[in-house]
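What follows is a set of notes on a single structure, which appears directly below.
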2 protein chains.
Amino acid sequence: MYKVEFEDLATKVYKTLKNMIISGELKPGEKLIQEDLAERLGVSRTPLLSAFAKLAQENLVETISRRGAYVKRFTEQELVDIYDIRIQLEPLGAERAAVYITTEEVAQLEHLLKEYDVATQTKDMHTLKQIDYQFHMSIMRISRNRLLYDMLSTFNVIIISNIKGLLKPPEKSDSEHHQLLDALKGKNSFEARRIMYEHISDSRDNLLKHLIPFDSE
Amino acid sequence: MYKVEFEDLATKVYKTLKNMIISGELKPGEKLIQEDLAERLGVSRTPLLSAFAKLAQENLVETISRRGAYVKRFTEQELVDIYDIRIQLEPLGAERAAVYITTEEVAQLEHLLKEYDVATQTKDMHTLKQIDYQFHMSIMRISRNRLLYDMLSTFNVIIISNIKGLLKPPEKSDSEHHQLLDALKGKNSFEARRIMYEHISDSRDNLLKHLIPFDSE
DNA sequence: CTAATGTTTTTTGTATACAATATCTATTGA
DNA sequence: TCAATAGATATTGTATACAAAAAACATTAG
């Protein structure tokens, strides 16, 4: 049954702004002026306010009453806290994905990794981060746990937005992504979980090591 | 420095509605009519819409464009998925709380458990659930990981709201809560983590056992 | 009697208006 | 010259108005 899906403006604006944060067009700390954005997006302030409310609730935006909304900037400690949570959750997602994954989904992940291979060669950092986000989020979607997906989407957006540069050499990530995909293809839950755990732990450790100088970029 | 904190109406309405969901005044599946609620809360629809947007983003409310907003009802499978996530996260929170906890915080938890003791005797299910929520959320606050707190607040509200009755005898919960508090008082991270894991796992298992008849209440 | 159609009412989505507050700029006083 | 004050401007919070769509109700046709 074909069903017409209507999407209200608030939802469209929310998605647009979230993508602008993911792509780096909106930076942490940047003030979001309602009138400016409303004009730029061609809507009134009303749907924009709802979108802000959603983004604020999702911790991507911070609204200070009567002073305005800002793309939220995270402290290093907060980013580490996020990694602590990711370390608990992404292995769970990978474990589940190994159970549920379909051949179409395998093909999609393979396609993403081909693009990641290329971006690793060309050292295109922006693309590396975007594909990394998509790869991880695809696995969370395959896990069939909607709330897990939602939460990790938030965290991964925060990490992309707040961490300049990469937390490990892309060749290493590339290799780990491939190993992870192999485990998923082989329906090996235990291995998928273990690889994902190592993959995220590594990054957390590197984040800790860079806690003082990483702001210098 | 004393600082005047202004809270906009949208935030007040959000908190009010969230509390109405926690207390059971608003039930899963219940339609939230904007005009009615606006009148009842004494505000215009504008802050109410922002509050809805926040609640929807938090997964407590489901808004269907052009049709309205409903307190979100979760399927049994979704509740199990939530437990899977809780099992990963609450032990992390307990482990951290054992590190950070202060004597004042110990006293607060002790006070909550005294109330839980009483409610266990009187079989006051509503109070048991409310104190359980407060006890768990206090531990997450003590963990000093804000995002962890926020996420678990959502999950625990969903569980209170969607699960009628209790998932284990209150005497058992009471006992486990006390053991947990002892571990926290003793700054024993490992033990706190272990106890919390068992505590939540038990409940998850009982939820699974009740998957078919639990809707009959 | 039931299903289809038409009409009325209710609700939602959004733009706009207005008031309050914060921020910025200009002026004044020490 | 710097700090304080006043005035202008910009922004935010909220109520209200209006249009569109959905829901409810009434009427008609088979």
Side-chain angles (χ1 to χ4, degrees), chain A residues 1-21 25-73, chain B residues 1-21 25-73:
Chain A
M1 271 302 50
Y2 193 73
K3 194 156 135 192
V4 179
E5 287 289 336
F6 175 79
E7 190 168 62
D8 57 84
L9 287 182
T11 303
K12 285 186 202 291
V13 171
Y14 160 76
K15 285 179 177 176
T16 299
L17 293 177
K18 189 173 179 180
N19 281 330
M20 285 163 78
I21 293 171
E25 191 174 338
L26 290 177
K27 308 283 189 195
E30 188 163 345
K31 184 164 187 183
L32 307 175
I33 314 276
Q34 296 177 10
E35 281 285 359
D36 291 353
L37 272 176
E39 184 174 342
R40 186 165 153 194
L41 299 178
V43 297
S44 79
R45 290 201 290 122
T46 313
L48 191 75
L49 289 177
S50 288
F52 277 10
K54 283 174 172 293
L55 289 164
Q57 186 63 29
E58 196 181 356
N59 279 308
L60 296 180
V61 160
E62 176 174 33
T63 59
I64 305 173
S65 285
R66 285 190 184 143
R67 285 165 172 241
Y70 300 80
V71 178
K72 194 163 177 181
R73 172 180 277 143
Chain B
M1 269 298 58
Y2 193 72
K3 192 155 141 200
V4 178
E5 285 289 336
F6 174 79
E7 189 169 62
D8 57 84
L9 286 181
T11 303
K12 285 186 203 286
V13 171
Y14 160 77
K15 286 179 176 175
T16 299
L17 292 177
K18 190 174 179 179
N19 282 328
M20 285 162 79
I21 293 170
E25 191 175 337
L26 289 177
K27 307 284 189 193
E30 188 164 343
K31 184 165 188 183
L32 307 175
I33 314 276
Q34 297 176 10
E35 281 284 358
D36 291 353
L37 272 176
E39 185 174 341
R40 184 164 155 197
L41 299 177
V43 297
S44 78
R45 291 201 292 121
T46 314
L48 191 75
L49 289 178
S50 289
F52 277 9
K54 284 175 172 294
L55 289 164
Q57 186 62 28
E58 196 182 354
N59 279 309
L60 297 180
V61 160
E62 175 174 35
T63 58
I64 305 173
S65 285
R66 287 188 184 147
R67 285 161 172 246
Y70 300 79
V71 179
K72 194 164 176 182
R73 171 179 279 142

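Just so we're on the same page: letters track the sequence lines, and every chain starts at 1. Remember, it's a predicted structure, so these values are computed and weren't measured experimentally.
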From CD of A/Glu39 over to P of D/dT12, roughly how many Å is that when rounded to an integer?
14 Å
Nearest of C/dT14, D/dT12, D/dG13 to any side-chain atom of A/Ser44?
C/dT14
Please give, in whole Å, the distance from D/dT14 C1' to B/Lys12 NZ?
14 Å
Atom pair distance, as rounded to whole Å: CD in B/Glu35 and P in C/dG13
13 Å
Please state how far atom CD in A/Gln34 lies from atom C1' in C/dT16, giving the value in whole angstrom units.
14 Å
Taking any heavy-atom pair under 4.0 Å as a contact, classify A/Leu49: base, sugar-phosphate, or nothing.
base
At under 4.0 Å between heavy atoms, what does B/Lys31 touch on the DNA or RNA strands: base, sugar-phosphate, or nothing?
sugar-phosphate
Let me see the working for A/Leu55 and A/Lys18 under side-chain contact (heavy atoms from CB on, under 4.5 Å), right down to the final yes or no.
CA-CA 8 Å; A/Leu55 289 164; A/Lys18 189 173 179 180; 4.2 Å; yes
Out of C/dA15, D/dT14, D/dG13, whichever nucleotide has its closest atom nearest the side chain of A/Arg66
D/dG13
Toward the 5' end of DNA chain C, by each residue's nearest nucleotide, B/Thr46 or B/Asp36:
B/Asp36
Which pair of non-hydrogen atoms, one from B/Pro28 and one from B/Lys72, has the smallest distance, and what is that distance?
CB-O, 3.9 Å
In whole Å, I'd like the distance from the CD1 atom of A/Ile64 to the C1' atom of C/dT23.
14 Å
Derivation and outcome, side-chain contact (heavy atoms from CB on, under 4.5 Å), residues B/Leu49 and B/Gln34
CA-CA 8 Å; B/Leu49 289 178; B/Gln34 297 176 10; 3.4 Å; yes
Measuring from atom CD of A/Glu7 to atom OH of A/Tyr14, what distance do you get when rounded to the nearest 0.5 angstrom?
11.0 Å
For atom CG of A/Leu48 and atom C1' of D/dG13, their distance in whole Å
13 Å
Check: B/Arg45 side chain, C/dG13 base, donor-acceptor under 3.5 Å
yes
Student check: side-chain heavy atoms of A/Leu17 and A/Met20 closer than 4.5 Å
yes
Which whole-number value in Å describes the distance from A/Leu9 CG to D/dA21 P?
13 Å
Could you give the CG-to-C1' distance, from A/Asp8 to D/dA20, as a whole number of Å?
14 Å
Of the candidate nucleotides D/dA15, C/dG13, C/dA22, which contains the atom at the shortest distance from the side chain of A/Arg67?
C/dA22
